[in-house]
Trainee: 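Here you go, one structure.
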Amino acid sequence: MAADPLDTLRLALMQDVLPVGLAVVERARKGGPREVLAAFGDDPSTSLDRLRQEGEPVASQVRQTLDRFQPGLGNPVVKVEVEVREGQPPAPADDREGSWAAGPMPVPPQPGAEDGTELHSTLARISARLAELERRLV
């Protein structure tokens with residue numbers, strides 16, 4: 001799945017540029033240009049990382065505010081592809097505690113899930129309610 005260049009740019013702006021920019025603005029507000037230049041004086045190789053860490057709390061608040069305005073604007077929604085394979089057991093989970101790289105979590109079978117009738121009836125009910133909602137909105 002190819003990444004959309006605009007989404008990639010927006011993600012880079014939100015995750016990398018925004019925290020650094022906010023840290024620079026805060027340093028300029030507090031101490032003027034001298035304080036901004038001091039961020040780059042000690043060790044230029046780590047200065048951007050330090051600025052990113054300084055600005056991350058405020059950047060996080062800005063992203064949350066943007067998400068309240070329009071969901072996915074501040075914290076982009078990650079596109080995923082889901083594939084269901086019939087009759088294949090779930091992959092074993094990794095034993096590393098707290099690891100998100102552990103793979104899919106096994107889902108215990110639900111009553112009536114063997115033939116999918118419960119799922120289909122629930123989806124049909126949701127579809128009918130959405131159609132009714134769309135009818136009332138128009």
Side-chain angles (χ1 to χ4, degrees):
M1 181 163 141
D4 182 15
L6 291 177
D7 281 342
T8 303
L9 174 64
R10 184 170 57 98
L11 181 62
L13 289 173
M14 288 293 161
Q15 299 297 326
D16 297 328
V17 177
L18 181 65
V20 172
L22 290 172
V24 168
V25 167
E26 184 61 22
R27 280 180 172 253
R29 189 182 66 81
K30 285 184 177 177
R34 183 170 290 141
E35 187 69 26
V36 173
L37 291 176
F40 297 99
D42 298 339
D43 185 11
S45 63
T46 62
S47 57
L48 286 178
D49 291 334
R50 187 176 339 120
L51 287 172
R52 188 176 295 118
Q53 289 174 352
E54 287 178 19
E56 185 55 41
V58 178
S60 177
Q61 291 174 352
V62 169
R63 288 190 296 264
Q64 288 175 357
T65 302
L66 289 172
D67 277 341
R68 279 191 292 253
F69 177 69
Q70 181 180 350
L73 186 61
N75 295 303
V77 177
V78 178
K79 297 176 184 174
V80 297
E81 291 184 22
V82 178
E83 182 178 328
V84 178
R85 295 181 184 159
E86 294 294 326
Q88 183 177 11
D94 195 350
D95 288 338
R96 291 178 287 168
E97 186 176 326
S99 172
W100 286 100
M105 296 294 293
V107 178
Q110 299 295 320
E114 293 83 19
D115 58 1
T117 56
E118 186 176 341
L119 174 63
H120 289 290
S121 65
T122 302
L123 290 174
R125 188 174 67 246
I126 291 171
S127 178
R129 288 180 180 175
L130 283 173
E132 177 65 21
L133 178 62
E134 288 176 350
R135 187 187 63 78
R136 289 183 183 192
L137 288 174
V138 175

Trainee: Give the other cluster members for Val17, using side-chain heavy-atom distances under 4.5 Å between Ile, Leu, Val, Met, Phe, Trp and Tyr residues; answer none if it is isolated.
Mentor: Leu9, Leu13

Trainee: Before giving the answer on side chain to side chain contact (heavy atoms under 4.5 Å, CB included), spell out for Val20 and Asp16 the whole-Å C-alpha distance, their side-chain angles and the decisive distance to 0.1 Å.
Mentor: CA-CA 7 Å; Val20 172; Asp16 297 328; over 6 Å; no

Trainee: Please name all residues satisfying side chain to side chain contact (heavy atoms under 4.5 Å, CB included) with Thr65, sequence neighbours left out, ordered by chain then number.
Mentor: Arg68

Trainee: Looking only at heavy atoms, what is the nearest atom pair of Pro19 and Met14, with distance?
Mentor: CD-O, 3.7 Å

Trainee: According to a 4.5 Å side-chain heavy-atom criterion applied to Ile, Leu, Val, Met, Phe, Trp and Tyr, with indirect links allowed, do Val58 and Phe69 form part of one hydrophobic cluster?
Mentor: yes

Trainee: Is there a salt bridge (charged side-chain N to carboxylate O under 4.0 Å, His left out) between Glu132 and Arg135? Walk through the geometry before answering.
Mentor: CA-CA 5 Å; Glu132 177 65 21; Arg135 187 187 63 78; 2.5 Å; yes

Trainee: Run the side chain to side chain contact (heavy atoms under 4.5 Å, CB included) test against Ile126 and tell me which residues pass, sequence neighbours left out.
Mentor: Thr122, Leu130

Trainee: Can you list every salt bridge (Lys or Arg N to Asp or Glu O under 4.0 Å) pair that touches residues 29-38, not counting sequence neighbours?
Mentor: Glu26-Arg29, Glu26-Lys30, Arg27-Glu35

Trainee: How long is the gap from OG on Ser60 to CG on Leu18, to the nearest 0.5 Å?
Mentor: 10.0 Å

Trainee: If we only count heavy atoms from C-beta on, is the Thr117 to His120 side-chain gap below 4.5 Å?
Mentor: no

Trainee: What about Leu48 and Val36, same hydrophobic cluster or not, with Ile/Leu/Val/Met/Phe/Trp/Tyr joined at side-chain heavy-atom distances under 4.5 Å?
Mentor: yes

Trainee: On a heavy-atom basis, which atom in Gly74 and which in Arg63 lie closest, and how many Å separate them?
Mentor: O-CD, 3.3 Å

Trainee: Please find the pair of heavy atoms, one from Leu22 and one from Val62, that lie closest to each other, and give the distance.
Mentor: CD1-CG2, 4.1 Å

Trainee: Tell me, please, which residues at least two apart from Glu134 pass side chain to side chain contact (heavy atoms under 4.5 Å, CB included).
Mentor: none

Trainee: By salt bridge (Lys or Arg N to Asp or Glu O under 4.0 Å), which residues pair with Asp67, not counting sequence neighbours?
Mentor: none

